[in-house]
Amino acid sequence: KNSDVERPFMRFDGSPRAEDVRPLPVLREAFSRAKERWESSRDWSYVGEMLRSIRQDLTIQMVQDAFVVEVHEYWAQVALEFGDFKQFDQAAAQLE
């Protein structure tokens, strides 16, 4: 499994390999870093990319728990703050 805390969103051709997917503890650390970055610099380019990659790994692993809701709520919030309505819509759709 992948232990990279910071990893950009990746398009997979076919099924992702186990070594490409980060386990839940790494995703929690990645989420914490993304939130810290948003609070310190409002760097949407970086934070949006990190949140998309976290969501991707959660989706691949079919995780459905409170952490997933927290990630999507935060993603929707910061996308709205930045004015990225496309990303807001994607995050909000996952909360329905």
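For reference, positions follow the sequence shown, starting with 1.
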(message) Could you check whether any side-chain heavy atom of Gln61 comes within less than 4.5 Å of a side-chain heavy atom of Leu27, counting everything from C-beta outward?
(response) yes
(request) List in chain and number order the residues that pass salt bridge (charged side-chain N to carboxylate O under 4.0 Å, His left out) with Glu36, two or more places apart in sequence or in another chain; answer none if no residue qualifies. (result) none
(request) Kindly give the cluster partners of Val26, where membership spreads through any ILVMFWY side chain lying under 4.5 Å from a current member. (result) Val5
Anything under 3.5 Å between a donor and an acceptor, one on a side chain of residues 79-96, the other on a protein residue two or more places apart or in another chain? List them.
unit_1, atom_1, unit_2, atom_2, d
Glu81, OE1, Trp38, NE1, 3.2
Glu81, OE2, Gln77, NE2, 3.1
Asp84, OD1, Lys86, N, 3.4
Asp84, OD1, Gln87, N, 3.0
Asp84, OD2, Trp44, NE1, 3.0
Gln87, OE1, Trp75, NE1, 3.3

Using residues 48-55 as the side-chain source, report each donor-acceptor pair under 3.5 Å to any protein atom, sequence neighbours left out, with the distance given to one decimal.
unit_1, atom_1, unit_2, atom_2, d
Glu49, OE2, Phe9, N, 3.0
Ser53, OG, Arg7, O, 2.7
Ser53, OG, Arg22, NH2, 3.1
Ser53, OG, Met50, O, 2.9

(message) Assigning hydrophobic clusters by single linkage (Ile, Leu, Val, Met, Phe, Trp, Tyr; side-chain heavy-atom cutoff under 4.5 Å), is Val78 placed with Tyr46?
(response) yes
(request) Carefully, step by step, assess Glu39 and Lys35 under the rule salt bridge (charged side-chain N to carboxylate O under 4.0 Å, His left out). (result) CA-CA 6 Å; Glu39 294 305 317; Lys35 291 193 304 186; over 6 Å; no
Side-chain polar contacts of residues 62-72 - donor-acceptor pairs under 3.5 angstrom, sequence neighbours left out - could you list them?
unit_1, atom_1, unit_2, atom_2, d
Asp65, OD1, Phe67, N, 3.1
Asp65, OD1, Val68, N, 3.2
His72, ND1, Val68, O, 2.9

(message) Please enumerate all residues that pass side chain to side chain contact (heavy atoms under 4.5 Å, CB included) together with Ser45, with sequence neighbours excluded.
(response) Asp43
